[in-house]
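Computed from heavy atoms alone, side chains included, the values below leave out hydrogens, waters and symmetry copies.
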Amino acid sequence: MVNLIVASHGDFAKGILMSGSMIFGEQKNVEVVTFQPTEGPDDLDKHYQEALAKFDNDDDTLFLVDLWGGSPFNRASLIQKQDAEHKAIVAGLNLPMLIEAYGGRLGMNTAADLAKYLVPVAKDGVRSVPEAEVATPKTAKATSSTAGLKSGHINIKLVRLDTRLLHGQVATAWTPDSKANRIIVVSDAVAHDELRKSLIQQAAPNGVQANIVPISKMVEVASDDRLGGVDAFLLFETVEDVLRAVEGGVPIKSLNVGSMAHSEGKTMVNKVLSMDKTDVAAFEKLRDMGVEFDVRKVPSDSSANLFDLIKKANVK
């Protein structure tokens with residue numbers, strides 16, 4: 001796995017690392033280097049050497065720096081030139097770049113390959129509204145709606161319960177982890193909300209189509225024998241919607257419980273899950289129907305026991 005050093009003028013690197021952790025989870029072999037106003041080049045060199053010394057492996061190292069030609073870039077360049085075979089630099093650090101670096105290094109062993117991969121990703125992460133509505137590449141998404149279809153039923157790769165539906169963690173962490181080629185948001189409420197539908201479709205990662213369907217339509221889709229080429233990632237907004245889908249015949253064997261927003265009358269069972277007796281009853285019915293639960297916010301988290309959390313929180 002490629003080591004990462006995230007470097008910036010001021011504390012920008014610290015902040016973006018925290019943002020990346022919220023989306024992708026805590027990461028190993030990642031160090032932060034900051035260049036403060038009171039410091040000089042020698043201080044920066046020292047920070048880099050201290051960061052490199054913390055890596056307890058001989059893997060390649062990629063420097064992600066904020067600004068081409070700035071001091072963090074220039075001092076990193078001196079280090080890279082001394083070991084060009086095993087070190088590389090990418091400038092123009094943004095959050096899409098960092099998140100993709102986390103995922104990309106799982107399958108890439110060289111800093112140079114990871115650097116080459118990250119540049120177009122970082123550029124694609126810079127968009128504007130309303131221009132993005134016109135400029136967003138739709139070709140891959142449109143093609144994927146029919147490509148690969150064959151005889152057979154839809155293959156459900158992952159089912160996630162998440163109040164926020166399709167957001168950063170889902171697009172950049174869970175979708176690649178699921179190996180799905182189609183995201184399906186299953187919600188009566190969202191299916192009738194044109195604004196939310198549009199925002200969800202824009203948030204889909206490149207090459208993966210996002211569909212929004214009511215629960216009744218998902219029940220029909222589950223029994224359609226012409227969707228054998230679809231590897232689906234199902235997203236639900238509420239556990240009650242999941243229960244309705246299962247009762248309707250959608251073959252859900254496991255549910256990733258990721259996020260349930262807090263509202264009045266609900267009890268927090270952990271930092272991201274809030275529920276009331278109605279929610280608990282729905283979970284119990286799903287359990288009795290054979291559904292298993294995987295309580296994780298991001299793929300790198302360890303799975304928790306749902307009913308242990310509920311019991312400890314004493315949901316009323």
Side-chain angles (χ1 to χ4, degrees), residues 1-24 26-55 57-129 131-132 135-137 168 171-173 176 205-207:
M1 180 185 292
V2 177
N3 301 316
L4 299 176
I5 292 180
V6 184
S8 71
H9 295 79
D11 290 334
F12 171 59
K14 290 182 180 179
I16 200 170
L17 195 73
M18 181 177 65
S19 298
S21 297
M22 290 177 62
I23 294 172
F24 211 90
E26 296 295 330
Q27 296 292 304
K28 295 181 179 180
N29 300 329
V30 180
E31 295 296 329
V32 166
V33 168
T34 62
F35 183 47
Q36 301 298 330
T38 57
E39 295 181 322
D42 291 342
D43 297 303
L44 194 47
D45 291 339
K46 180 181 178 182
H47 295 331
Y48 275 132
Q49 293 304 324
E50 289 173 345
L52 288 166
K54 291 181 180 179
F55 298 134
N57 58 54
D58 296 324
D59 293 336
D60 281 16
T61 298
L62 177 63
F63 296 84
L64 301 178
V65 302
D66 58 352
L67 183 65
W68 182 280
S71 293
F73 172 84
N74 293 335
R75 307 314 290 189
S77 294
L78 295 177
I79 298 172
Q80 190 272 338
K81 285 181 172 60
Q82 295 172 5
D83 187 15
E85 184 178 354
H86 298 292
K87 291 181 174 61
I89 306 171
V90 180
L93 174 64
N94 61 18
L95 190 54
M97 179 195 295
L98 179 62
I99 293 168
E100 287 293 338
Y102 288 161
R105 67 180 182 153
L106 298 177
M108 300 180 190
N109 295 320
T110 72
D113 287 343
L114 185 56
K116 183 178 179 180
Y117 166 71
L118 290 178
V119 172
V121 170
K123 290 180 179 178
D124 189 56
V126 180
R127 303 183 184 182
S128 64
V129 175
E131 285 76 13
T136 299
T172 62
N206 285 336

>> Please give me the minimum heavy-atom distance between R105 and N3, naming the atom from each residue.
In response: NH1-CA, 4.3 Å

>> Please find the pair of heavy atoms, one from F63 and one from I79, that lie closest to each other, and give the distance.
In response: CZ-CG2, 4.0 Å

>> Under the side chain to side chain contact (heavy atoms under 4.5 Å, CB included) test against H9, which residue among D66, V65, T34 passes?
In response: D66

> Got D60 and N109 here, is their nearest side-chain heavy-atom distance under 4.5 Å?
Replying inline: no

> So, for Y117 and G104, which heavy atoms are closest and what is the spacing to 0.1 Å?
Replying inline: CE2-CA, 4.3 Å

> Which distance, rounded to the nearest 0.5 Å, do you find between the CG of L62 and the CD of Q80?
Replying inline: 10.0 Å

> Does a sphere of radius 6.0 Å around CG in D58 hold more than 12 heavy atoms from other residues, nucleotides or ligands, not counting ones at 6.0 Å or beyond?
Replying inline: no

>> For the CG atom of L67 and the CZ atom of F12, what is their distance to the nearest 0.5 Å?
In response: 10.5 Å

> CH2/W68 to CG/L93 distance, rounded to the nearest 0.5 angstrom?
Replying inline: 14.5 Å

> With side chains defined as the heavy atoms from C-beta onward, is the minimum distance between V2 and D59 less than 4.5 Å?
Replying inline: no

>> The test is side-chain contact (heavy atoms from CB on, under 4.5 Å); show your working for L95 and I23 and say whether it passes.
In response: CA-CA 10 Å; L95 190 54; I23 294 172; 3.8 Å; yes

> Looking at side-chain heavy atoms only, is the closest gap between K87 and L52 below 4.5 Å?
Replying inline: yes

> At their closest point, which heavy atom of L64 faces which heavy atom of A101, and how far apart are they?
Replying inline: CD1-CB, 4.1 Å

>> Any non-hydrogen side-chain atom of D83 less than 4.5 Å from a side-chain atom of T61?
In response: no

>> Minimum heavy-atom separation for V32 and A13, please, with both atom names.
In response: CG1-CB, 3.8 Å

> What orientation do Y102 and F24 show, parallel under 30°, tilted 30 to 60°, or perpendicular over 60°?
Replying inline: tilted

> Do the side chains of Y48 and L78 get nearer than 4.5 Å, heavy atoms only?
Replying inline: no

> To the nearest 0.5 Å, what is the distance between NZ (K81) and CD1 (I89)?
Replying inline: 7.0 Å

> What is the distance from atom CD of Q36 to atom OG of S8, rounded to the nearest 0.5 Å?
Replying inline: 8.0 Å

>> Please determine whether side-chain contact (heavy atoms from CB on, under 4.5 Å) holds for the pair E100 and D124, giving the CA-CA distance in whole Å, both sets of side-chain angles, and the decisive distance to 0.1 Å.
In response: CA-CA 12 Å; E100 287 293 338; D124 189 56; over 6 Å; no

> So which heavy atom on P176 is nearest to which on A171, and how close?
Replying inline: CD-O, 3.6 Å

> Any side-chain heavy atom of E39 sitting closer than 4.5 Å to one from H47?
Replying inline: yes

> If you round to the nearest 0.5 Å, how far is NZ of K54 from CD of E50?
Replying inline: 7.0 Å

> Would you call V33 and P72 a side-chain contact if the rule is heavy atoms closer than 4.5 Å?
Replying inline: no

